[in-house]
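Okay, structure first, notes after.
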Amino acid sequence: MRYDFQRIEEKWQKDWEEKKLHRTGEGEGNKYYALEMFPYPSGKLHMGHVRNYSIGDVVARFKKMNGKNVLHPMGWDSFGLPAENAAIKHDTHPNVWTWDNIKNMRAQLKQLGISYDWDREIASCHPDYYKWTQWLFLLFYNNGLAYKKRSYVNWCPSCATVLANEQVISGECERCGSTVTKKDLEQWFFRITDYAQKLLDDMQKLEGWPDKVKTMQSNWIGRSEGASIDFDVEGIKSKITVFTTRPDTIFGATFMALAPEHPLAKEIVKDTGYEDEFNGFVERIKKMSEIERTSTELEKEGVFLGKYAVNPVNGKMMPIYAANYILLEYGTGAIMGVPAHDQRDYDFAVKYGLEIIEVVRPVGEENGKGMDRAFEDTGVMVNSGKYNGLDNYEAMSGIIDELERAGKGKREVKFRIRDWLISRQRYWGAPIPIIYCPECGEVPVPEKDLPVVLPLNVELTGKGESPLARSQEFVNTKCPVCGGDAKRETDTMDTFVCSSWYFLRFTDPQNKEKAFDKKKADYWMPVDQYIGGVEHAILHLLYARFFTKVLYDLGLCSFNEPFQNLLTQGMVLKDGAKMSKSKGNVVSPEDIVERYGADTARLFILFAAPPERDLEWSDQGVEGCYRFLNRIWRLVTDSVELYTEDSRYELHELSQMDKDLVYVINHTVKKVTDDIEERFNFNTAISAVMEMVNALYQYRDKDGFNPVVFRDGIEKLVVLMAPFAPHIAEELWHMVRNDGSSVHSQKWPDYDPKALIKDEIIIVVQINGKVRSRISIPADMDEETVKRTALEDEKVRSYIEGQTISKVVAVPGKLINVVVRR
RNA sequence: GCGGGAGUGGCGGAAUUGGCAGACGCGCUAGACUUAGGAUCUAGUGGCAAACGCCGUGGGGGUUCAAGUCCCUUCUCCCGCACCA
């Protein structure tokens with residue numbers, strides 16, 4: 001009988017679907033929420049998807065077999081720009097394109113045999129879903145967490161929309177790679193900065209997250225402690241407020257520098273005769289791209305603004321500059337220049353001949369030796385009046401206290417993270433539920449009027465303002481407050497808003513009254529295991545944490561972190577590079593499934609590398625996994641006549657040969673269990689099963705093998721394979737156990753600790769750390785006897801002859817090391 | 001520059017607590033079966049050596065009876081952030 005994967009896979013997929021085998025249990029018992037990041041329906045699955053979902057499926061199936069009530073859902077992150085671009089290109093509608101893709105990809109997922117509960121499927125572009133995305137926007141709005149403001153925002157000219165800071169990767173659009181420019185626009189924001197500290201603090205709770213992701217998030221949030229200090233400016237009333245992490249160096253401040261776009265710069269330069277120079281400088285900078293502008297390589301440049309600021313601690317007059325290395329977005333957009341202790345200020349001071357005053361010196365070098373670069377470490381204060389001789393940290397504290405008393409400054413914590421810009425000037429997204437009334441102003445859409453339905457008859461050009469703005473029936477509406485003529489907001493929400501709460505909707509996907517029921521969410525959440533690509537380390541994972549914290553604070557749920565454990569899977573590579581159409585190194589999952597079946601595809605992808613590491617695709621490796629499944633197939637089907645025996649046996653009645661196999665069986669059960677449960681090392685779990693198969697073949701070919709023991713091995717083998725290769729396991733299970741039960745409903749096997757105890761063991765004998773012999777001894781032999789036996793070994797004796805034994809080290813059950821010298 | 005990770009046969013990778021380096025798979029070599037083999041099975045497969053053996057986990061040094069694993073030092077590669085005051 002041939003391994004007909006196609007017939008087997010189709011048969012069981014149909015059977016599971018009919019029997020609703022993967023339906024989620026009700027809210028009772030020991031729960032386990034396994035979640036893979038829901039995909040954008042781009043058209044077809046790629047190998048990255050297959051990897052993601054194969055990993056998740058092993059976890060979900062394993063937990064189910066271990067008696068957990070498992071939630072393992074799937075859905076679609078189905079709003080977004082590609083739908084719009086594809087619609088324009090192929091003259092279709094984003095709605096049609098998206099739902100076609102969903103249909104295809106759903107079919108592909110079913111072909112892979114992933115154990116999703118399809119009754120819980122959701123799509124973020126469906127009105128039943130985005131109604132609640134809009135509802136959440138209003139919740140944020142009503143609690144002061146969503147607001148509109150005018151500011152310099154990131155603009156992607158190619159995507160014709162604004163972008164969140166998180167979507168700008170070294171000056172380029174995260175999606176299309178175009179150079180991002182700045183635009184002064186009025187936009188909607190979520191107040192994520194209010195949660196900066198909480199997002200940082202609670203990362204300590206995330207023990208099940210990779211350090212890498214936590215570090216990336218903390219760097220992104222970018223907390224710095226310091227002080228804001230006010231500097232008076234001669235001749236004008238306005239003060240320059242700076243933020244510094246080094247208030248201890250204030251006696252070394254010799255100049256001030258403002259970002260060129262800083263509003264105060266214009267005011268300061270006014271009527272000084274330096275206006276023309278300043279304006280020219282600003283013009284030049286505006287022409288530069290964001291990347292050039294913020295490059296570390298760029299030479300520090302600036303222009304004098306014609307006025308001086310007063311140092312609040314010593315009254316020193318300091319020239320004020322506008323400088324290209326000062327960023328308006330960070331801190332207050334202004335700094336005090338301390339050339340002696342900041343390399344950037346040092347470079348600037350050298351260029352413009354500004355004074356360099358040393359105020360911190362390394363301990364032990366208090367006399368100073370002149371400077372050729374800035375000294376940025378800790379040390380002892382000099383040239384700082386009454387603070388001289390103090391450790392710079394003590395001085396820092398004293399100086400801030402002094403400034404606070406004088407009302408010139410205060411302790412402050414600044415974050416790098418900015419509020420989350422969520423409006424997009426694009427069509428295929430959830431409309432922002434706000435109405436503008438000439439009488440009443442900005443009015444939120446009342447809950448009863450949700451959803452604000454995205455109209456389908458809208459002209460798409462991919463250029464200019466939001467496409468919704470051209471739809472008169474959408475734009476024109478009545479004010480919910482006064483009933484007068486009013487206009488709708490025409491921007492849609494960033495798709496990351498949709499994906500910031502989908503894991504909650506999965507706990508209660510059909511709820512018509514609420515986004516989700518608190519009880520249900522509290523039962524299922526947090527997600528026990530979340531799995532996805534590391535590319536979401538900042539964007540999605542940070543936003544989802546933010547949402548969860550807001551909902552927690554507003555009493556909608558009782559947990560404040562969404563994802564207990566996070567597994568960031570590696571990429572799938574071919575010829576050392578990420579698979580991509582442009583490189584022409586794409587292997588399509590469809591082809592592999594057609595040629596070898598889903599079980600082979602899954603097995604290879606799980607076997608080729610540990611999940612968090614990048615995986616190098618190998619056609620020959622796939623072939624090898626296919627051969628392995630065939631090998632199992634033959635092993636099981638060739639011995640069908642043996643499976644009538646009952647598989648019970650008594651360990652002490654078995655022969656040594658039987659006991660050896662029983663050892664392998666139990667050892668494999670333990671190894672596979674530990675590898676899945678504790679380490680997600682599916683690759684080593686599978687290799688353990690391979691060894692077991694080798695052992696079963698050898699055992700069966702021996703004279704006098706015990707069919708009862710063999711059958712036990714076969715049964716365990718099939719069950720152990722179930723999470724990895726569910727179809728073949730199911731087919732074989734029905735041959736081994738003809739009782740109509742599904743292998744996926746079986747209890748995960750236990751191992752018998754007694755079977756793992758060997759009577760005889762082999763231990764290694766080393767002489768001076770080099771392996772020289774092996775001896776077989778009874779497992780319970782006491783240490784002294786073991787040592788003596790080792791020394792009596794013939795081979796060992798030939799090595800130690802004529803030498804003095806200085807020491808014998810014993811590692812119980814493993815080795816003996818004899819230390820000798822001449 | 002800062003942060004994170006990695007470096008082990010021809011290749012993917014194993015070695016979980018300092019205790020036999022190279023499990024398992026791929027590839028390769030030889031053989032068996034066969035009209036045939038890109039099926040299957042058997043044996044072999046880190047390097048050097050005829051062999052006893054010696055060497056071997058990026059390089060150098062150290063701790064230890066014992067180091068891929070710990071310490072110091074250094075090189076290379078990948079990823080993330082980057083004029084963050």
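Chain letters run A, B, ... following the sequence lines, proteins first, then strands; residues in each count from 1. Since we're looking at a predicted model, the values are computed, not measured.
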[X] has a side chain; which of [options] sits nearest to it?
X        : options             : answer
A:Glu691 : B:C83, B:C20, B:C24 : B:C24
A:Ile335 : B:C41, B:A39, B:A85 : B:A85
A:Val809 : B:C65, B:C84, B:G27 : B:C65
A:Met690 : B:G27, B:G13, B:G25 : B:G25
A:Lys814 : B:G27, B:G19, B:C81 : B:G19
A:Asn694 : B:C54, B:U40, B:G25 : B:G25
A:Arg772 : B:A21, B:G19, B:G53 : B:G53
A:Arg634 : B:C65, B:C41, B:C24 : B:C41

Assign [X] to base, sugar-phosphate, or nothing according to its heavy-atom contacts below 4.0 angstrom with the strands shown.
X        : value
A:Ile326 : base
A:Gly624 : sugar-phosphate
A:Lys770 : sugar-phosphate
A:Ile763 : nothing
A:Asp342 : nothing
A:Thr245 : sugar-phosphate
A:Glu329 : nothing
A:Pro210 : nothing
A:Arg774 : base
A:Phe628 : nothing

Please state the [atom1] separation for the pair [N] and [M] - nearest whole angstrom.
N     : M     : atom1 : answer
B:C26 : B:A39 : P     : 11 Å
B:G9  : B:G5  : P     : 23 Å
B:G10 : B:C65 : C1'   : 36 Å
B:G68 : B:C55 : C1'   : 16 Å
B:A32 : B:G25 : P     : 24 Å
B:U57 : B:G22 : P     : 14 Å
B:C20 : B:G27 : P     : 30 Å
B:C75 : B:A21 : P     : 31 Å

Is the shortest side-chain heavy-atom distance between A:Phe682 and A:Asp675 below 4.5 Å? no

Between A:Val669 and A:Thr673, is there a side-chain heavy-atom distance shorter than 4.5 Å?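 Touching, per the 4.5 Å side-chain cut-off.
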
Considering just the side-chain nitrogens and oxygens of [X], establish if one lies under 4.0 Å of OP1 or OP2 belonging to [N].
X        : N     : result
A:Lys807 : B:C65 : yes
A:Ser224 : B:A85 : yes
A:Arg679 : B:A15 : no

Does the structure show a Watson-Crick or G-U wobble partner for B:A30, both distances under 3.5 Å? Name it, or say none. B:U42

Should B:U57 form a Watson-Crick or G-U wobble pair with both distances under 3.5 Å, which nucleotide is its partner?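 Check on B:U57: unpaired, no WC or wobble geometry under 3.5 Å.
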
Return yes if the base of B:C81 and the side-chain atoms of A:Asn219 contain a donor-acceptor N/O pair under 3.5 Å, otherwise no. no

Say whether A:Thr193 and A:Asp419, considering side chains only, have a donor N or O and an acceptor N or O under 3.5 Å apart. yes

Syn or anti for B:G9, please, going by whether the chi angle lies within 90° of 0.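 The base of B:G9 is oriented syn (glycosidic angle within 90° of 0).
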
Aromatic A:Phe348 / basic A:Lys300 pairing, under 6.0 angstrom, 45° off normal: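 So A:Lys300 doesn't make the cation-pi contact.
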
State whether A:Tyr663 and A:Lys758 meet the cation-pi test: NZ (Lys) or CZ (Arg) under 6.0 Å from the six-membered ring centroid, and within 45° of the perpendicular axis.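 Judged by the rule (NZ or CZ under 6.0 Å from the ring centre, within 45° of its axis), A:Lys758 counts as positioned above A:Tyr663.
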
Answer yes when A:Asp591 and A:Arg595 have at least one side-chain N-carboxylate O distance shorter than 4.0 Å, and no when they do not. no

Carboxylate-amine/guanidinium proximity below 4.0 Å for A:Asp638 and A:Arg634: no

What is the separation between atom CG on A:Leu573 and atom P on B:G13, rounded to the nearest whole Å? 9 Å

